[in-house]
Asks: 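Following this message is one structure expressed as structure tokens.
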Amino acid sequence: MSKPKILVARAIFPEVIARLEQHFEVQANQQDQTWSKAQWMEYLKDKDGVFTTGTDRIDAEVLAVATRLKICANMAVGYNNFDIAAMTAAGVLATNAPDVLTETTADFGFALLMATARRVTESEHYLRAGKWTRWSYDMFAGSDIHGTTLGILGMGRIGQGIARRGAHGFGMKVIYHNRSRLDAGLEAECKASYVSKEELLKSADHLVLVLPYSPASHHAIGAAELALMKPTANLINIARGGIVDDAALAAALRNKTIAAAGLDVFEGEPKLNADLLTVPNVVLTPHIASATMPTRLAMASLAADNLIGFFTENKPLTPLNPAVLASK
Ligand code: 8YV
């Protein structure tokens with residue numbers, strides 16, 4: 001029997017490609033070329049499965065030509081690059097890569113929070129520019145982290161990881177808002193109290209966004225929400241671009257509606273709202289929250305395991321639309 005054909009959209013760990021090659025006929029992209037949409041669709045035409053990263057889009061237009069496609073395995077926990085409804089309608093399974101990145105991403109959320117609150121990058125730029133000539137009492141004075149109120153919008157696994165770090169490590173008071181409230185046991189573990197979104201915005205000294213992107217969360221933080229926040233507050237986004245209205249945020253940072261922001265994700269990334277590049281009170285990183293080599297390998301391996309599990313036993317590990325499996 002011939003092996004199923006798999007497309008790997010981006011360069012990934014050679015050992016993961018080698019593992020996939022044991023099971024599949026693999027078209028890899030180890031040169032990490034940027035494919036046009038036409039190339040993407042052309043390459044998908046004869047494929048049974050695809051290994052995607054968070055920027056490789058699967059939608060109705062792609063599915064219309066990828067008629068042999070049975071599974072798309074995303075090397076990301078977020079899956080807003082997938083049109084799940086269109087995939088389900090086409091009988092195509094979607095899988096993501098949850099859990100393996102939780103602690104690494106929560107670590108980074110905290111790193112960005114601390115860098116933002118304590119003005120780490122802004123002060124480093126000052127030093128590198130040769131501007132540091134003498135000490136002064138208020139030089140790069142930032143905001144405290146210990147003992148302050150940590151707000152978390154979106155309380156999934158990563159949100160809980162951030163809550164634990166804040167409550168147990170820094171003695172922070174943790175409040176959160178989420179579509180659904182955590183059970184009492186988890187709330188106690190995270191030492192987190194459920195509040196309304198308005199209360200969260202008004203009370204947080206540091207507000208971390210960790211919710212998934214969907215049309216419902218588009219611009220969940222815009223001018224009106226920023227206006228509710230404390231002028232001393234810091235906003236951290238490690239979730240997805242588009243959850244924050246970046247133009248409104250740049251204006252709020254410039255006008256000191258809030259104190260500072262730390263952003264790992266942007267609307268329309270890798271392009272950035274030009275205003276964000278000119279305000280000093282923002283820490284900017286290029287979507288690296290899950291970027292440690294062990295975690296990236298675990299994410300890639302889980303995506304590969306989903307492909308192998310699906311084709312060998314009809315048992316992917318982390319399906320997003322399992323109804324597709326039942327209907328086979
Ligand atoms: C990935 C992410 O780096 O997992 C996610 O949802 O945003 C990141 O960890 C990126 O999407 C690569 O696939």
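Both ligands and their constituent atoms are indexed starting at 1 by order of listing. No experiment lies behind these values; they were computed from the predicted model shown.
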Asks: Could you check whether Asn306 and Thr318, counting side-chain N and O atoms only, form a donor-acceptor pair closer than 3.5 Å?
Replies: yes
Asks: Kindly say whether the aromatic ring centers of Trp35 and Tyr43 come within a distance under 6.0 Å.
Replies: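 Ring centroids of Trp35 and Tyr43 are less than 6.0 Å from each other.
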Asks: Does Gly54 reach ligand 1 with a nitrogen or oxygen that is under 3.5 Å from one of the ligand's nitrogen or oxygen atoms?
Replies: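 The answer is yes, given that Gly54 and ligand 1 share an N or O pair closer than 3.5 Å.
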Asks: Under 3.5 Å, is there a donor on one side chain and an acceptor on the other for Thr278 and Arg254?
Replies: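 Yes, side-chain donor-acceptor contact under 3.5 Å.
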Asks: Under a 4.0 Å threshold between the charged nitrogen and the carboxylate oxygen, would Arg118 count as salt-bridged to Asp144?
Replies: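 Salt bridge absent between Asp144 and Arg118.
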Asks: Can you list the steps and then say if Lys3 with Glu21 is a side chain to side chain contact (heavy atoms under 4.5 Å, CB included)?
Replies: CA-CA 9 Å; Lys3 289 176 171 177; Glu21 281 172 341; 6.0 Å; no
Asks: For Met139 versus Arg134, what's the shortest heavy-atom pair and its separation?
Replies: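 Looking at all heavy atoms of both residues, the shortest contact is SD-O, 3.9 Å.
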Asks: For Thr53 and Asp56, which I'm curious about, is there any donor-acceptor pair between the side chains at under 3.5 Å?
Replies: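 Yes - a donor-acceptor pair under 3.5 Å links their side chains.
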Asks: Could you tell me the residue and atom name of the protein heavy atom closest to atom 9 (O) of ligand 1, and the distance to it rounded to 0.1 Å?
Replies: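 The answer is Ser290 OG, 2.7 Å.
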Asks: Check this for me - ligand 1, Gly78, N or O atoms closer than 3.5 angstrom, yes or no?
Replies: yes
Asks: Would you mind running through ligand 1 and noting each atom that sits below 4.0 Å from a heavy atom of Thr53?
Replies: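 Reading through ligand 1 atom by atom, the close ones are 13 (O).
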Asks: Between Thr285 and Asp264, is there a side-chain donor-acceptor contact under 3.5 Å, judged purely by atom types and distance?
Replies: yes
Asks: Which of the numbered atoms in ligand 1 are below 4.0 angstrom from a heavy atom of His287?
Replies: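 With His287 as reference, the close atoms of ligand 1 come out as 2 (C), 7 (O), 8 (C).
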Asks: What protein heavy atom is closest to atom 11 (O) of ligand 1, reported as residue, atom name and distance in Å?
Replies: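 For this ligand atom, the closest protein heavy atom is Ala76 CB, 3.5 Å.
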Asks: Numbering the atoms of ligand 1 from 1, which are under 4.0 Å from a heavy atom of Arg240?
Replies: 2 (C), 5 (C), 6 (O), 7 (O), 11 (O)
Asks: Under 3.5 Å between any N/O of Val77 and any N/O of ligand 1: does that happen in this structure?
Replies: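 Yes; at least one N/O pair falls below 3.5 Å.
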Asks: Of the protein's non-hydrogen atoms, which lies at the shortest distance from atom 3 (O) of ligand 1, and what is that distance?
Replies: Arg296 NH2, 3.1 Å
Asks: Under a 4.0 angstrom heavy-atom cut-off, which atoms of ligand 1 come close to Met75?
Replies: 12 (C), 13 (O)
Asks: Considering the heavy atoms of Leu101, write down every atom of ligand 1 situated less than 4.0 Å from one of them.
Replies: 4 (O), 9 (O)
